[in-house]
Amino acid sequence: GQSTTLTAVSNNSNYTYTWSPSTGLSGTTGSSVTAQPNTTVTYQVYANDGTCGALDTITISVGPPSVAGTINITADTICANTTTTLSLTGTVGSVQWQSNTGSGWVNETGPGSNSTTYVASPLVFTQYRAVVTSGGCAPDTSLTVSVEVLTVPDPVTQDDAICGPGVANLGATGT
C-alpha cells in the first residue's frame, strides 16, 4: 500500500529512460517514476542516448504491514521475586518486548524477549509493550500493560526471655 520514488541518475544528460515492467509504476518513461507494487518486483531501467545505452535493476520488496496484535498477561499484580507471562496473539512481524519503570522505554533482553511469549519478573511497578516490525514496514506497537509488584516486609518480632521452666509469649507484627 505504500509507494516509493525510483530515480535514475547519470552523467550523460542526453539519456532518456524507459522503465519495465509497468506493474505498479506511475509511468514507464522519465528519470523518475513512482512505484507502488502489490507484490515484490524487480524493475529495470534502460537508459539510451541514441548511441550508447545502459541497464540497471532495482528490487522492491513488498511485505505485509506490521501488526502488533493483542497483548495478554497472566497476572497484573505479583509478589516480589515471582513472574508473570506476557503473550501476543494476531501478530505479523518480528517481536521486541519493551519495559518502562518510569525512565522511558527500553528493549528487554534474554530468553523470550523476541518471541510472542515473554516471562517477566519485574522488581518494581513496570509497564510492558511489544513493538512488532514486518520487513521494511513501519513498526506497530501493542497496547501497554502494567505489572504491580507487591513487597511483603518481614514481620517485626519482639524478644522475650525466660529463666527456667515456664511460658514465653512471642509476638510479631506485620502485614
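Numbering starts at 1 and runs along the sequence shown.
In this structure Ser20 satisfies the side-chain contact (heavy atoms from CB on, under 4.5 Å) test together with Gln44, sequence neighbours excluded. Applying the side-chain contact (heavy atoms from CB on, under 4.5 Å) test to Thr23 and every residue at least two apart in sequence or in another chain returns Pro21. Under the rule for a side chain to side chain donor-acceptor pair (under 3.5 Å), Ser13 has no partner lying at least two apart in sequence or in another chain. Shown here are the side chain to side chain donor-acceptor pair (under 3.5 Å) partners of Thr42, two or more places apart in sequence or in another chain: Thr59. For Asn114, the side chain to side chain donor-acceptor pair (under 3.5 Å) partners at least two apart in sequence or on another chain are Gln96. With sequence neighbours excluded, the residues that form a side-chain contact (heavy atoms from CB on, under 4.5 Å) with Thr4 are Leu6, Ala35, Ile60. For Thr34, the side chain to side chain donor-acceptor pair (under 3.5 Å) criterion is met by no residue, not counting sequence neighbours.
Under the 4.5 Å side-chain contact rule for hydrophobic residues, Leu88 and Ile73 share a cluster. When the side chains of ILVMFWY residues are joined at heavy-atom separations under 4.5 Å, either directly or via intervening members, Tyr46 and Leu25 end up in two distinct hydrophobic clusters.
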Pairs under 3.5 angstrom only: tabulate donor-acceptor contacts from the side chains of residues 47-58 to other protein residues two or more places apart or in another chain.
from, atom 1, to, atom 2, distance (Å)
Asn48, OD1, Gly50, N, 2.5
Asp49, OD1, Thr51, N, 2.8
Asp49, OD1, Cys52, N, 2.6
Asp49, OD2, Asn12, ND2, 2.8

Can you list, pair by pair, the side-chain donor-acceptor contacts under 3.5 Å of residues 100-112, counting residues two or more places apart and other chains?
from, atom 1, to, atom 2, distance (Å)
Asn100, OD1, Gly102, N, 2.6
Asn100, OD1, Ser103, N, 3.3
Asn100, OD1, Gly104, N, 3.1
Asn107, OD1, Gln98, NE2, 3.0
Glu108, OE1, Tyr118, OH, 2.4
Glu108, OE2, Ser99, OG, 2.5

Please tabulate, for the side chains in residues 132-146, all donor-acceptor contacts under 3.5 angstrom to protein atoms that are two or more places apart in sequence or on a different chain.
from, atom 1, to, atom 2, distance (Å)
Ser134, OG, Pro64, O, 2.7
Asp140, OD2, Ala68, N, 2.8
Ser142, OG, Ala130, N, 2.9

Could you go through residues 76-83 and list every donor-acceptor pair under 3.5 Å that involves a side-chain atom there, pairing it with any protein atom two or more places apart or in another chain?
from, atom 1, to, atom 2, distance (Å)
Thr82, OG1, Cys79, N, 3.4
Thr82, OG1, Cys79, O, 2.5

From CA spacing to verdict: side-chain contact (heavy atoms from CB on, under 4.5 Å), Thr116, Thr91: CA-CA 8 Å; Thr116 56; Thr91 62; 3.8 Å; yes
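Side-chain contact check for Thr74 and Thr84: at least one donor-acceptor pair (N or O, by modelled atom type) lies under 3.5 Å.
Scanning all heavy atoms of the two residues, the minimum distance from Gln2 to Gln36 falls at O-CG, 3.3 Å. Shown here for Val9 and Tyr17, the closest heavy-atom pair between the two residues is C-OH, 4.2 Å. Ser115 approaches Trp97 most closely through the heavy-atom pair O-NE1, 2.8 Å.
Other residues sharing a hydrophobic cluster with Val92 under the 4.5 Å side-chain heavy-atom criterion for ILVMFWY residues are Val67.
In Leu150, the CG atom is crowded: over 12 heavy atoms of neighbouring residues, nucleotides or ligands sit closer than 6.0 Å.
At distances below 3.5 Å, at least one donor-acceptor pair connects side-chain atoms of Trp19 with backbone N or O atoms of Gly30.
Considering only heavy atoms from C-beta on, Asn72 comes within 4.5 Å of Thr89 through its side chain.
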